[in-house]
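In what follows, chains carry the letters A, B, and so on, assigned in the order in which the sequence lines appear, proteins first and then strands, with residues in each chain numbered from 1.
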Number of protein chains: 2
Amino acid sequence: MPNTPALPSPEKHIAESTVRRLSLYLRVLDQAAARGLQTISSVVLAEEGGTTSAQVRKDLSFFGSFGKRGRGYDVAELVTALQDILGLGREWKVYIVGAGKIGSALVSYRGFSQRGFRVVGIYDNNPQMVGRMLDGVGIRSMAQLEHDAARELPDIAVLTVPAEHAQAVADRVVAAGIRAIMNFAPAPLHVPPSVTVKSVNMALELEGLAYALVRRDAGEPPR
Amino acid sequence: MPNTPALPSPEKHIAESTVRRLSLYLRVLDQAAARGLQTISSVVLAEEGGTTSAQVRKDLSFFGSFGKRGRGYDVAELVTALQDILGLGREWKVYIVGAGKIGSALVSYRGFSQRGFRVVGIYDNNPQMVGRMLDGVGIRSMAQLEHDAARELPDIAVLTVPAEHAQAVADRVVAAGIRAIMNFAPAPLHVPPSVTVKSVNMALELEGLAYALVRRDAGEPPR
DNA sequence: ACATGTGAACTGCTTCACAGCG
DNA sequence: CGCTGTGAAGCAGTTCACATGT
């Protein structure tokens with residue numbers, strides 16, 4: 001076997017919060033690299049990432065020993081390690097389902113393409129939309145989704161459909177064999193355990209802010 | 001004292017996860033009300049909201065006793081209570097800063113207006129954009145932001161600017177007196193403790209999905 | 001009989017603090 | 001001597017289980 005860098009694989013389960021922070025560290029490291037930094041300590045990584053140095057070290061330690069005592073972490077090395085851990089070494093094929101405002105905006109979101117997420121299909125059930133191009137990808141009819149997926153199964157479906165259709169669409173993409181869903185519809189999705197769902201509910205986040213403001217106006221400590 | 005429904009105010013600190021679930025329950029209750037349900041039990045509320053009945057009861061118990069033993073919760077009553085708790089009884093004035101694809105999409109996002117979040121200003125530093133209308137609101141120059149905010153301070157600033165400008169823009173809206181920021185830029189924001197920030201990082205969520213897929217392909221239990 | 005409300009137990013994430021190594 | 005890596009301690013959020021009320 002060649003020098004395939006053994007992908008670090010902990011036996012223990014890793015908390016979702018840990019994975020989120022790993023992504024965050026990767027972003028901080030990108031900036032650090034852009035500034036020409038060779039090496040970075042857990043203290044600096046923590047400050048820029050909005051956490052603590054112990055947390056950084058603990059997070060990384062789940063996957064191996066990447067640092068050098070007395071020196072810190074080599075920026076380039078850690079970037080590679082994190083990309084491996086997060087599965088960003090490859091390209092992920094993505095369907096966008098729902099070509100409304102949010103769906104259309106996401107197609108050309110650079111944060112996706114930069115990390116290897118490639119939009120290979122956009123679907124909408126509005127005949128007015130079908131046929132149009134978005135960022136080089138043609139909008140296809142929802143009716144074609146299963147057929148297309150059977151030919152070349154995407155890894156992830158991004159759902160940007162109205163809340164009332166979200167479950168039905170989720171059922172369809174699951175039936176088509178897709179095993180990961182990113183849900184932008186403000187509705188909880190029920191899927192089999194073999195499918196992973198992440199929901200981004202923007203209204204919910206705003207309501208969290210409203211709550212924070214109300215509590216603060218009621219004289220609560222910012223904590 | 002009249003029947004002013006005393007806004008429930010726990011002394012204890014409430015976890016962010018709890019607040020998120022309260023928002024979620026509100027959504028489930030809306031659906032339940034639409035279906036004509038008078039009353040709902042913690043079991044049903046949990047199923048539809050993707051959690052457990054004990055969790056539902058615990059979450060609500062922080063703010064008071066809203067249920068009737070043997071019957072469950074009155075849907076209409078609980079909706080009102082949750083709206084009060086979350087601060088959704090009033091209108092919240094929102095600035096959208098950054099009129100790119102995502103910012104434009106958010107302006108007309110119904111999930112916002114439905115809960116009383118009103119966009120009162122849209123700002124962009126691209127002269128091409130300034131003057132255009134988005135959903136009835138004119139795009140203004142970034143240069144006017146401080147001036148406008150001094151006249152009528154918005155409650156929340158939604159940041160949809162490129163990552164590299166996010167911190168500078170955050171500094172400006174904070175200096176202008178805004179105390180809550182919803183950050184869509186893929187960059188961690190540093191603000192004084194008197195300001196509340198929520199970040200929605202879409203690339204980060206996708207990376208979480210990628211990680212889940214990689215782990216699964218490596219033969220991990222779905223958990 | 002049914003479903004809430006809640007102390008107590010439990011689980012697991014975070015923080016601490018320091019031994020170990022460059 | 002500085003900074004990592006990590007057991008141990010601490011703490012917060014979740015789950016359990018049952019007393020209580022209708």
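- Within the structure, a side-chain polar atom (N or O) of Ser42(B) is placed less than 4.0 Å from OP1 or OP2 of dT4(C).
- One finds a salt bridge joining Arg27(A) and Glu207(B) here, because a Lys/Arg side-chain nitrogen approaches an Asp/Glu carboxylate oxygen to under 4.0 Å.
- By the side-chain contact (heavy atoms from CB on, under 4.5 Å) test, Val44(B) pairs with Ile40(B), Ser41(B), Glu48(B), sequence neighbours left out.
- Remark: P of dC11(D) and NE2 of His13(B) are 16 Å apart, rounded to the nearest angstrom.
- Rounded to whole Å, the distance from CG on Leu60(A) to C1' on dG5(D) is 10 Å.
- A salt bridge does not link Asp59(A) to Arg20(A): none of the charged nitrogens lies less than 4.0 Å from a carboxylate oxygen.
- Here dT14(D) presents its C1' atom at 10 Å from CG of Asp59(B), a figure rounded to the nearest Å.
- Contact check, Arg21(B) against dT14(D): a side-chain N or O comes under 4.0 Å of OP1 or OP2.
- At dG13(D), none of the side-chain N or O atoms of Gln55(B) fall inside 4.0 Å of OP1 or OP2 (strictly under the cut-off).
- Side-chain N/O atoms of Lys101(A) and Ser108(B) include a donor and acceptor closer than 3.5 Å.
- With dC16(D), dA17(C), dG5(D) as the candidates, the nucleotide lying closest to the side chain of Ala54(B) is dC16(D).
- Considering only the side chain of Lys58(B), dT6(C) comes nearest among dT6(C), dT4(C), dT4(D).
- Side-chain proximity of Ser61(A) to the nucleotides dT14(D), dG5(D), dT14(C) is greatest for dG5(D).
- Using a 4.0 Å heavy-atom cutoff across all strands shown, Ser53(B) reaches no nucleic acid atom at all.
- Atom-to-atom, CZ of Arg20(B) to C1' of dG13(D) comes out at 15 Å; the value is rounded to the nearest Å.
- For the pair Ile40(B) and Phe62(A), nearest-nucleotide mapping onto DNA chain C gives the more 5' position to Ile40(B).
- Between the side chain of Arg69(B) and the base of dT22(D), no donor-acceptor pair of N or O atoms lies under 3.5 Å.
- The distance between atom CZ of Phe63(B) and atom P of dT6(C), rounded to the nearest whole Å, is 13 Å.
- Atom NZ in Lys12(A) sits roughly 17 Å away from atom P in dG5(D) (whole-Å rounding).
- Rounded to whole angstrom, the span from the CZ atom of Phe66(B) across to the C1' atom of dT6(C) amounts to 15 Å.
- At dT4(C), none of the side-chain N or O atoms of Ser65(B) fall inside 4.0 Å of OP1 or OP2 (strictly under the cut-off).
- Residue contacts for Thr52(B): at a heavy-atom cut-off of 4.0 Å it reaches the sugar-phosphate backbone alone, with no base atom in range.
- Heavy-atom distances to DNA chain C give each of Ala15(A) and Arg71(A) a nearest nucleotide, and the one nearer the 5′ end belongs to Ala15(A).
- Relative to the side chain of Arg57(B), the nucleotides dT15(C), dT4(C), dG20(C) differ in distance, and dT4(C) lies closest.
- When the P atom of dA3(C) is taken as reference, atom CD of Gln38(B) falls 17 Å away, rounded to whole Å.
- The two residues Ala170(A) and Leu189(A) have their closest heavy-atom pair at CB-CG, 3.8 Å.
- For the OP1/OP2 pair of dG5(D) and a distance below 4.0 Å, the side-chain nitrogens and oxygens of Tyr73(A) include at least one atom meeting the criterion.
- In Arg110(B), the CZ atom is not crowded: 12 or fewer heavy atoms of neighbouring residues, nucleotides or ligands sit closer than 6.0 Å.
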